[in-house]
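Following: one structure in structure tokens, then a few remarks.
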Protein chains: 2
Amino acid sequence: MKARPYSSIISRLRKSGLRPTRQRIGLSELLFEGGNKHVTAEGLFSQATERSLKVSLATVYNTLHDFTRVGLLREVGIDSSVRYFDTNVTEHQHLYFEDSDKLLDIDPDENIICKRPSFSGGKVVRRIDVVVRVAG
Amino acid sequence: MKARPYSSIISRLRKSGLRPTRQRIGLSELLFEGGNKHVTAEGLFSQATERSLKVSLATVYNTLHDFTRVGLLREVGIDSSVRYFDTNVTEHQHLYFEDSDKLLDIDPDENIICKRPSFSGGKVVRRIDVVVRVAG
DNA sequence: GTGATTGCAAATCTTTTGCACTAAA
DNA sequence: TTTAGTGCAAAAGATTTGCAATCAC
């Protein structure tokens, strides 16, 4: 029950330098309302279709990339052939259940990393991807 | 200068339950001689062609999967659209240079992980994938 | 021989692209 | 109006599959 969710989506898009089009607003609702999510392009496209948001698959791809570029989304590298996007853009790690293909965030308090390597020569650690793969 | 490298390749394949065919032997030489490597199917196929090993791309894919299945290789999940295979099957982490697409093993002494989560209900941590992404 | 392996070409699947059309500012 | 964004259909890549030919045992 947030106040004025619709216009807050619009202003979020504006702040990111993206025009609040019908498609971007609709996809934003799917993505950013109701907790953190991990989505694929096809998955988001299906959801949109189910909720009768008219949008093309190409636009879903464009939108996922645009949102990632401006920092509203983050890409998660699971080694399969599909790309996952995460609405949680804070530093955190992932739990991947191999049997069910489910992806979960690891509670930041449970941080698994204890050391961040550093580099000379202008090289920077852009991020550290951690995926705990669970089976059974 | 290992002794009898050829026959050790053959026995390694036999022990893994794979018939030592000309293609598998040739690809094994490319993969397992001269230190740990990270390869893609296309990359290995090119190497094979350069060294005039006659093998089809489909067989390279089959071989990479077969080798992974029996534990001679391990897949590395960089989030790009290509699959990397690692000849180092021991527990270790990766360094990925985004600008050059280079992938390096992290020295096991530099272990970045300090905590291994555990699960109940028959769930097991199969492995923890870590990729330190470096830019610049 | 016979069952595993290979190679080719076609198929599949995800993602990207070109470009005319539409909508936001 | 002017530029960004959209949608379609086609293209591009990586990987897989089906099946006949070949090879290892």
Side-chain angles (χ1 to χ4, degrees), chain A residues 6-7 9-28 30-31 38-49 52-70 72-73 75-85 101 103, chain B residues 6-7 9-28 30-31 38-49 52-70 72-73 75-85 101 103:
Chain A
Y6 192 80
S7 75
I9 283 178
I10 291 185
S11 64
R12 166 134 69 156
L13 289 171
R14 282 232 169 76
K15 270 179 224 150
S16 304
L18 299 172
R19 285 191 183 176
T21 63
R22 182 177 52 78
Q23 292 85 339
R24 285 176 178 163
I25 294 168
L27 294 175
S28 291
L30 291 175
L31 287 168
H38 304 98
V39 302
T40 62
E42 286 286 354
L44 185 58
F45 178 64
S46 311
Q47 275 185 62
T49 306
S52 45
L53 166 64
K54 290 200 72 178
V55 62
S56 72
L57 183 55
T59 296
V60 171
Y61 274 103
N62 285 338
T63 302
L64 289 173
H65 289 145
D66 292 342
F67 282 13
T68 301
R69 178 171 44 77
V70 302
L72 294 175
L73 289 176
E75 208 178 328
V76 188
I78 303 298
D79 73 338
S80 95
S81 40
V82 238
R83 293 190 177 182
Y84 284 82
F85 294 85
D101 256 34
L103 191 59
Chain B
Y6 192 82
S7 76
I9 282 178
I10 291 185
S11 64
R12 166 133 71 156
L13 290 171
R14 282 231 170 76
K15 270 178 224 150
S16 304
L18 298 172
R19 285 192 183 174
T21 63
R22 182 176 52 78
Q23 291 86 337
R24 285 177 178 161
I25 294 167
L27 293 175
S28 291
L30 291 176
L31 287 168
H38 304 98
V39 303
T40 62
E42 286 286 354
L44 185 58
F45 178 65
S46 311
Q47 276 185 62
T49 306
S52 46
L53 165 64
K54 290 199 72 179
V55 62
S56 73
L57 182 56
T59 296
V60 172
Y61 275 103
N62 285 338
T63 303
L64 289 173
H65 290 144
D66 292 342
F67 283 12
T68 301
R69 179 172 43 77
V70 302
L72 294 175
L73 290 177
E75 207 177 329
V76 188
I78 303 299
D79 72 339
S80 95
S81 40
V82 239
R83 294 190 177 183
Y84 284 82
F85 294 86
D101 257 34
L103 190 59

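Everything numeric here is computed off the predicted structure, so don't read it as measured data. Chain naming here is simple, since letters A, B, ... match the order of the sequence lines and numbering starts at 1 in each.
Contact annotation: the side chain of B:L103 approaches that of B:Y84 to within less than 4.5 Å [non-hydrogen atoms, C-beta and beyond]. B:I9 places none of its side-chain heavy atoms less than 4.5 Å from the side chain of B:P20. In this structure, B:R22 and B:L53 have side chains that are in contact, with non-hydrogen atoms separated by less than 4.5 Å. For the pair A:F67 and A:L18, the minimum side-chain heavy-atom distance is below 4.5 Å. In this structure, A:V70 and A:L13 have side chains that are not in contact, with every pair of non-hydrogen atoms separated by 4.5 Å or more. With a 4.5 Å cut-off on side-chain heavy atoms, A:F85 and A:T40 do not count as touching.
Comparing the end axes of the helix from C:dG1-D:dC25 to C:dA25-D:dT1, each fitted to five base pairs by superposing C1' atoms of four pairs onto the next four, gives an inter-axis angle of 30° (nearest 10 degrees).
The CZ atom of B:R12 sits 12.0 Å away from the OG atom of B:S7 when rounded to the nearest 0.5 Å. Considering CG of B:L27 and CG of B:L64, their distance stands at 7.5 Å, rounded to 0.5 Å.
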Distance-only check: which donor-acceptor pairs under 3.5 Å involve side-chain atoms of residues 54-61 of chain B, not counting sequence neighbours?
| unit_1 | atom_1 | unit_2 | atom_2 | d |
| --- | --- | --- | --- | --- |
| B:S56 | OG | B:T59 | N | 3.2 |
| B:S56 | OG | B:T59 | OG1 | 3.1 |

Item checked: Letter per nucleotide, 5' to 3', of nucleotides 14-25 of chain C [B base touched, S only sugar-phosphate touched, - untouched; heavy atoms, 4.0 Å] -> SBBB------BS

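Here D:dA24 presents its C1' atom at 18 Å from CD1 of B:I9, a figure rounded to the nearest Å. We find that CG of B:L13 is positioned 15 Å from C1' of D:dC23, with the value rounded to whole Å. Atom CZ of B:R24 and atom P of D:dC25 are 10 Å apart (whole Å). A straight line from NZ of A:K54 to P of D:dC8 spans 7 Å, rounded to a whole angstrom.
Looking at residues two or more places apart in sequence or on another chain, you find a side chain to side chain donor-acceptor pair (under 3.5 Å) between A:D66 and A:R24, A:R69. In this structure B:T49 satisfies the side chain to side chain contact (heavy atoms under 4.5 Å, CB included) test together with B:F45, sequence neighbours excluded.
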Which protein N or O atoms sit under 3.5 Å from an N or O of nucleotides 19-21 of chain D?
none

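Contact check, B:Q23 against D:dC23: no side-chain N or O comes under 4.0 Å of OP1 or OP2.
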